[in-house]
Amino acid sequence: MLDFSFANILHSNVINFAIMIALFAFIAYKLDVMQKIEDMRASIQKNVEDSDNLKAEAIKEFESVSESLGNVEAETEAIVKKAEDTVKTIEQKAKEEMDKSVALIKQNAQKQVASEENQVQGELLRNVSSSSIEVAQRQIKTALDKDKELHRKYIEDFINSIDKIDV
């Protein structure tokens, strides 16, 4: 029969515990648990060191950005000043070019006005001379029509003048 006394149960539990410890030790040896634990510890330590390095770099970068932000106003003022100087230079050049263009346009307009004036004067002179010739022609015809003798005299004078010409 089975004896369920405290000594038997304790003895049985100790044996089971020892078997269990031996089994865990064997499994740990086969799976190389200690090496894996050491690898995990080294990996965690490396992650912690990398985090510390990243934190230090982030702090340095933050300080650098903070310093550069301190200089932003001065840099902005310098950029604005340079832009204003550039605008003034461009404005001056544009004004000079515009003045040159205006002077050239005035000169060309004066030349065109003078040309038009000469053309109008020439046309006026032609009209006046043409009108003068017509008036003289009418007066001569009127004079010749009134005095037939005058007509004969002009013909004789013309013939006499032809005789005097040396050919």
Side-chain angles (χ1 to χ4, degrees), residues 1-139 141:
M1 253 187 19
L2 293 170
D3 187 17
F4 290 110
S5 67
F6 180 72
N8 280 342
I9 292 176
L10 182 63
H11 185 331
S12 170
N13 282 342
V14 169
I15 291 173
N16 285 340
F17 185 70
I19 291 172
M20 187 177 69
I21 293 292
L23 183 61
F24 280 145
F26 177 74
I27 291 173
Y29 175 75
K30 280 296 190 185
L31 293 178
D32 201 12
V33 172
M34 291 307 278
Q35 182 63 38
K36 290 185 180 180
I37 290 173
E38 182 61 31
D39 290 345
M40 288 175 74
R41 187 196 63 75
S43 173
I44 291 170
Q45 185 176 357
K46 184 177 181 302
N47 286 341
V48 168
E49 289 172 358
D50 289 346
S51 295
D52 289 341
N53 289 339
L54 288 174
K55 179 182 174 185
E57 288 177 16
I59 289 172
K60 286 180 184 176
E61 189 171 335
F62 175 75
E63 290 172 355
S64 171
V65 168
S66 294
E67 287 176 16
S68 68
L69 286 177
N71 297 333
V72 165
E73 285 187 37
E75 290 176 4
T76 303
E77 288 177 15
I79 290 171
V80 167
K81 175 99 170 95
K82 186 176 180 181
E84 287 173 352
D85 291 343
T86 303
V87 166
K88 286 179 183 176
T89 303
I90 291 172
E91 182 181 12
Q92 183 65 27
K93 286 182 181 178
K95 186 177 183 209
E96 289 172 2
E97 288 295 321
M98 189 170 57
D99 289 344
K100 287 179 184 177
S101 295
V102 167
L104 184 62
I105 289 171
K106 282 183 180 178
Q107 185 180 14
N108 287 341
Q110 288 172 349
K111 286 180 181 178
Q112 185 154 359
V113 166
S115 172
E116 291 287 331
E117 188 177 288
N118 287 339
Q119 187 177 6
V120 167
Q121 284 178 350
E123 190 174 320
L124 186 60
L125 185 61
R126 281 189 296 276
N127 288 342
V128 167
S129 63
S130 155
S131 296
S132 297
I133 290 173
E134 286 179 21
V135 168
Q137 192 177 26
R138 274 188 252 141
Q139 285 179 348
K141 281 185 181 180

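Position 1 is the first residue of the sequence, and the numbers go up from there.
Note that CD1 of I90 and CD of E97 are 13.0 Å apart. Values are rounded to the nearest 0.5 Å. Annotation: the span from I44 atom CD1 to S51 atom OG amounts to 11.5 Å, rounded to 0.5 Å. Atom CD of residue Q45 and atom CG of residue D50 lie 10.5 Å apart, to the nearest 0.5 angstrom. Taking CG of N13 as the start and CE of M20 as the end, the distance is 10.0 Å to the nearest 0.5 Å. Between atom CE of residue M40 and atom CG of residue N47 there is a gap of 11.0 Å, rounded to the nearest 0.5 Å. In this structure, CD on E117 lies 11.5 Å from CD on Q110, to the nearest 0.5 angstrom.
Using a distance-only test at 3.5 Å, with no hydrogens or angles considered, no donor-acceptor pair links the side chain of S115 to the main chain of K111. Without hydrogens or angle criteria, S132 side chain to V128 main chain gives a donor-acceptor distance under 3.5 Å.
Annotation: side chain of Q107 is in contact with side chain of L104 (closest heavy-atom distance under 4.5 Å).
Using modelled atom types, one finds no donor on one side chain facing an acceptor on the other under 3.5 Å when comparing E49 with N53.
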Please step through side-chain hydrogen bond (donor to acceptor under 3.5 Å, both in side chains) for the pair N108 and Q112, ending with a clear verdict.
CA-CA 6 Å; N108 287 341; Q112 185 154 359; over 6 Å; no
Quick one: do K36 and D32 satisfy salt bridge (charged side-chain N to carboxylate O under 4.0 Å, His left out)? Show the steps, please.
CA-CA 6 Å; K36 290 185 180 180; D32 201 12; over 6 Å; no
Might you work through the salt bridge (charged side-chain N to carboxylate O under 4.0 Å, His left out) test for K88 and E91, ending with a clear yes or no?
CA-CA 5 Å; K88 286 179 183 176; E91 182 181 12; over 6 Å; no
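Heavy-atom neighbours of Q121 CD from other residues, nucleotides or ligands within 6.0 Å: above the threshold of 12. The environment of CD in E61 is sparse: at most 12 heavy-atom neighbours from other residues, nucleotides or ligands sit within 6.0 Å.
A salt bridge is absent between E63 and K60; no separation between the charged side-chain nitrogens and carboxylate oxygens falls under 4.0 Å.
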